[in-house]
2 protein chains.
Amino acid sequence: MSGYDITSEFKQAIGQFWSAKHSQIYVELKKLVSEELISQYIQMAGVKLEKKMYRITPKGKKELQSWLLKIDEQLETEKDVFALRVYFLKDIPSEEVLWLFFNQLKRKSEKLSFLKEQFSLHFGEKDPINLDVEELGHYFVLTKAISREENYIIWLNKSIEIIKKRIADKSFGEN
Amino acid sequence: MSGYDITSEFKQAIGQFWSAKHSQIYVELKKLVSEELISQYIQMAGVKLEKKMYRITPKGKKELQSWLLKIDEQLETEKDVFALRVYFLKDIPSEEVLWLFFNQLKRKSEKLSFLKEQFSLHFGEKDPINLDVEELGHYFVLTKAISREENYIIWLNKSIEIIKKRIADKSFGEN
DNA sequence: CTCGACATGTAAGCAGTTACATGATTGT
DNA sequence: ACAATCATGTAACTGCTTACATGTCGAG
């Protein structure tokens, strides 16, 4: 793959769990070449454009495999700015709170639609039992992304119901 | 609150969605004081120990409230290293894959237990309708963290079932 | 008296983004 | 011809972690 290809891949399903900008990718690729973990070769794209392609070296493959089996000492924080804002709910004007939740609901619903489209595009009605190993990794990542968004939306809806009830009880923002 | 207090708070529920080390917190607090968004005062803790306390200024409160209503242009990536590893499933020896998933299941189950304990400690059987606004933000964040972990565990179990079936079919890692 | 928690800081360095900068290719 | 996408890079800066460093307080 090329740096550009990697940049594009981060716009697909895996981008839900890890991503980087092209400016970082090009720098890292050079670093990996200098460490002999990957090697570079040129592929002509058109007449003049030299597309720089990279492939993993045996040394890189070894490094990758040991990384894949590594257990992180601590589970790292999956940051979520929206949750951080909700933590400070008491400082949000009560009439804005519902709007904020509905806005997030809309954005998350759009993301879910995109992911489901990706899913039916790549897997359709296929049974994961019959997928080859390469596809299986992508299948798991996509189902993970979809279930994450679905769960997020369920939580948003439950929270919206609570907020609505509190407004109906006229007690919202007054306690 | 003091820098130490903030560090401690990041070990509680909100730490599931945002966190920082004390080394960063102390630097940021000084920056915020110089921007006049917070102000500092001393509280004696014991005889000699001067605990540096901070409170938000009116200017800071204004800034906070405008930040709380800010909509991020793009939803940022909620990074998850485990999902990244799963993406490269084809490079993991098939006998290790199950172990990897079970390990993550164990860790996530422990996290879920911790969160549920926090929940019953702070909210018990309370109805969120009757919570005061300050508590409500914490309630939402904790329920969000809990539902996120529950959903993660469901996905792990589903994936484990698929992997087990593939092993039983003797087709795992061979396609 | 000693250990664990409380409490605060600095420095080096890595990870990652934003902005700047350039040029080729393809489809309309 | 023009625009969108393909394609690659650098520089400045911010965010964040790791490691270093020091000292107090309370309980047993």
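Chain letters run A, B, ... following the sequence lines, proteins first, then strands; residues in each count from 1. None of these values were measured; they are calculated from a predicted model.
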Taking [atom1] from [X] and [atom2] from [N], how many angstroms apart are they, rounded to a whole number?
{"X": "A/Leu29", "N": "D/dA7", "atom1": "CG", "atom2": "P", "value": "14 Å"}
{"X": "A/Ile6", "N": "D/dT8", "atom1": "CD1", "atom2": "C1'", "value": "13 Å"}
{"X": "B/Phe10", "N": "C/dA7", "atom1": "CZ", "atom2": "P", "value": "17 Å"}
{"X": "B/Met44", "N": "C/dA7", "atom1": "CE", "atom2": "C1'", "value": "12 Å"}
{"X": "B/Ile25", "N": "C/dC6", "atom1": "CD1", "atom2": "P", "value": "14 Å"}
{"X": "A/Lys79", "N": "C/dG16", "atom1": "NZ", "atom2": "C1'", "value": "12 Å"}
{"X": "B/Leu32", "N": "D/dT14", "atom1": "CG", "atom2": "C1'", "value": "15 Å"}
{"X": "A/His22", "N": "C/dG16", "atom1": "NE2", "atom2": "C1'", "value": "13 Å"}

As a test of reading the structure: which of C/dT10, D/dT18, D/dA7 is closest to the side chain of B/Lys21, going by heavy atoms?
D/dT18
Counting only side-chain heavy atoms from C-beta out, which of C/dG9, D/dT24, C/dT25 sits nearest to B/Tyr26?
C/dG9
Please determine if a side-chain N or O atom of [X] lies less than 4.0 Å away from the OP1 or OP2 oxygen of [N].
{"X": "A/Lys31", "N": "C/dC14", "result": "no"}
{"X": "A/Tyr4", "N": "D/dT8", "result": "no"}
{"X": "B/Lys52", "N": "C/dT8", "result": "no"}
{"X": "A/Lys30", "N": "D/dT8", "result": "no"}

If you measure from OG on A/Ser109 to CD on A/Gln104, what distance do you get to the nearest 0.5 Å?
10.0 Å
Aromatic ring centroids of B/Phe101 and A/Phe140 under 6.0 Å?
yes
Would you say the rings of A/His22 and A/Tyr4 are close, in the sense that their centroids are separated by under 6.0 Å?
no
Quick check with a 6.0 Å cut-off and a 45 degree axis cone: is A/Lys111 positioned over the face of A/Tyr152's six-membered ring?
no
Quick one: does NZ or CZ of A/Arg148 land under 6.0 Å from the six-membered ring centre of B/Trp155, within 45 degrees of the ring axis?
no
In terms of the nearest nucleotide of DNA chain C, which residue is placed more toward the 5' end: B/Tyr54 or A/Ser23?
B/Tyr54
Taking for each residue the nucleotide of DNA chain C bearing the nearest heavy atom, is the 5' side occupied by A/Trp18 or by B/Met53?
B/Met53
Nearest-nucleotide check on DNA chain D, A/Gln24 vs A/Leu49; residue mapping nearer the 5' end is A/Leu49
